[in-house]
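In what follows, a single structure is set out as structure tokens and then discussed.
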Amino acid sequence: MTHPLYFVLAPADALPSEAITMAGLQAAQARGPAGGFSLRIFSAGRGSTDLTHLPVDGRLTGEERRSGDGTQLLCDAVLPLIEPQLHWLGIYRADGEAGEPLHCLDRFALSEAGNETCWFYPTHDGTFLSWERGLRLCLSPGTVVDCPDALASSPYDRGRISVLWSLLGDDASLTCVGLTYGGQRIDWPLRSLTPEPMANWSRFCVDSTADVSLVVEECLTVFPEPTPEP
């Protein structure tokens with residue numbers, strides 16, 4: 001039986017090098033990223049959009065991906081704040097049938113990993129809306145999503161780890177949006193998540209033929225509606 005790899009993002013001194021239980025890995029991961037943000041990107045519908053009337057929870061299309069005015073949800077993601085210059089990565093695997101203890105296969109500064117780019121950024125021209133809300137969160141150790149059998153059964157190889165970078169919405173600089181192993185995404189399940197009380201909306205245009213291909217038309221921070229007094 002081949003056990004999955006577990007990936008832990010944390011400071012160097014939090015990553016155990018000796019055999020450890022899953023509870024111990026959970027405790028190590030709890031010292032890792034504690035913040036992040038929710039991101040949604042929509043294609044703008046017909047007519048102009050007044051950002052002051054947009055909801056703090058980012059629900060423009062209700063339970064659907066498209067609303068009656070043509071607004072379409074293009075991206076809906078929760079992104080932990082991964083900082084390669086600060087975090088280390090530990091990789092663990094069990095070698096017994098019981099799945100414990102887990103043994104450290106590798107641990108290294110995340111800044112030493114390879115880098116790749118990917119795209120949340122709209123891939124076509126048009127007008128878009130971006131919603132972003134800060135989060136406090138706690139992660140579980142990560143695993144490879146939909147790991148192919150060939151990858152799962154092969155020996156661990158540090159060279160297969162890549163840090164993903166992307167432009168997000170109307171950002172002008174790249175953000176770390178996750179890691180992959182062997183070309184497959186690594187997912188860190190959420191143990192807890194608490195959103196900040198406010199959110200940021202922006203409207204921006206993308207025109208690949210213009211000298212400046214991205215123009216931010218408006219940005220606004222929105223807050224929850226005040227609770228009526230009894």
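- Put simply, NE2 on His3 and CG on Asp95 are 7.5 Å apart, with the number rounded to the nearest 0.5 Å.
- Summarising the geometry of Ser140 relative to Arg191, their closest heavy-atom pair is OG-CG, 2.9 Å, with the distance given to 0.1 Å.
- For the pair Phe7/Leu179, no side-chain contact is recorded, criterion being any heavy-atom separation below 4.5 Å from C-beta on.
- Taking CG of Asp146 as the start and CD of Gln184 as the end, the distance is 7.0 Å to the nearest 0.5 Å.
- Note that the OH atom of Tyr92 and the CG atom of Leu5 stand 12.5 Å from one another [nearest 0.5 Å].
- Sorted by first and then second residue, the salt bridge (Lys or Arg N to Asp or Glu O under 4.0 Å) pairs with a member in residues 173-188 read Arg185-Asp187; sequence neighbours excluded.
- Applying the side chain to side chain contact (heavy atoms under 4.5 Å, CB included) criterion to Ser111, with sequence neighbours excluded, gives Ala109.
- Judged as a side chain to side chain contact (heavy atoms under 4.5 Å, CB included), and not counting sequence neighbours, the contacts of Ser154 are Leu151, Arg160.
- Using a 4.5 Å cut-off on side-chain heavy atoms (C-beta onward), Leu164 and Thr180 make contact.
- Side chain of Trp131 to main chain of Val56: a donor-acceptor pair is present (N/O by atom type, distance under 3.5 Å, no hydrogens or angles).
- Here the rule is side-chain contact (heavy atoms from CB on, under 4.5 Å) with Ile91, and of Tyr181, Phe108, Tyr6 only Phe108 fits it.
- Checking Ser162 against Glu116 by side-chain atom types alone, a donor-acceptor pair falls below 3.5 Å.
- Between the side chains of Asn115 and Trp165, a donor-acceptor pair is found at a separation under 3.5 Å.
- Both Ile186 and Tyr156 belong to a single network of hydrophobic side chains, linked directly or stepwise wherever heavy atoms of I, L, V, M, F, W or Y lie under 4.5 Å apart.
- The side-chain heavy atoms of Cys176 and Pro84, taken from C-beta on, include a pair separated by under 4.5 Å.
- Counting heavy atoms from C-beta on, the side chains of Leu110 and Ile82 come closer than 4.5 Å.
- Between Gln26 and Pro141, the closest heavy-atom pair is OE1-CD, 3.4 Å.
- Comment: Glu112 engages Arg158 in a salt bridge, judged by a side-chain N to carboxylate O separation of less than 4.0 angstrom.
- Atoms CG and CG, from Leu190 and Leu139 in turn, are 6.0 Å apart once rounded to the nearest 0.5 Å.
- The two atoms that bring Ala28 and Pro16 nearest to each other are CB-CD, 4.2 Å, heavy atoms only.
- Taking both residues in full, the closest heavy atoms of Ser17 and Arg107 are given as CB-CD, 4.3 Å, listed atom of the first, atom of the second, then distance.
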Let me see the working for Thr61 and Phe42 under side chain to side chain contact (heavy atoms under 4.5 Å, CB included), right down to the final yes or no.
CA-CA 9 Å; Thr61 56; Phe42 303 84; 4.2 Å; yes
Ignoring hydrogens and angles, write down the donor-acceptor pairs under 3.5 Å from the side chains of residues 29-40, residues two or more places apart or on other chains.
residue, atom, partner, partner atom, Å
Gln29, OE1, Leu9, N, 2.9
Gln29, OE1, Trp188, NE1, 3.3
Gln29, NE2, Leu9, O, 2.8
Arg31, NH2, Asp13, OD1, 3.1
Arg40, NE, Asp76, OD1, 3.2
Arg40, NH1, Asp57, O, 3.3
Arg40, NH1, Gly58, O, 3.0

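- Cluster membership check: Leu89 shares its hydrophobic cluster with Val144, using side-chain heavy-atom separations under 4.5 Å among Ile, Leu, Val, Met, Phe, Trp and Tyr.
- Looking at every heavy atom in both residues, Leu102 comes nearest to Ala94 through CD2-N, 4.0 Å.
- Ser213 and Asp207 form no side-chain donor-acceptor contact under 3.5 Å, judged by distance and modelled atom types alone.
- By the side chain to side chain contact (heavy atoms under 4.5 Å, CB included) test, Glu83 is found to be paired with Leu81, Gln85, Leu86, His87, residues two or more places apart in sequence or in another chain being considered.
- Between the CG atom of Leu105 and the CG atom of Asp157 there is a distance of 11.5 Å, given to the nearest 0.5 Å.
- Side-chain contact between Arg203 and Leu51 is present, with at least one heavy-atom pair separated by less than 4.5 Å.
- No chain of hydrophobic side-chain contacts below 4.5 Å, direct or via other Ile, Leu, Val, Met, Phe, Trp or Tyr residues, connects Leu25 to Ile161.
- A heavy-atom distance below 4.5 Å is not found between the side chains of Leu129 and Ile41.
- Leu220 places a side-chain heavy atom less than 4.5 Å from the side chain of Thr52.
- Looking at Leu60 and Pro55, their side chains come closer than 4.5 Å, going by heavy atoms from C-beta outward.
- To the nearest 0.5 angstrom, Leu135 atom CG is 7.5 Å from Glu196 atom CD.
- In this structure, the side chain of Arg133 does not engage the main chain of Asn200 through any donor-acceptor pair within 3.5 Å.
- For the side chain to side chain contact (heavy atoms under 4.5 Å, CB included) test, residues two or more places apart in sequence or in another chain that qualify with Ala19 are Pro101, His103.
- Side-chain atoms of Ser202 do not come within 3.5 Å of backbone N or O of Cys219 as any donor-acceptor pair.
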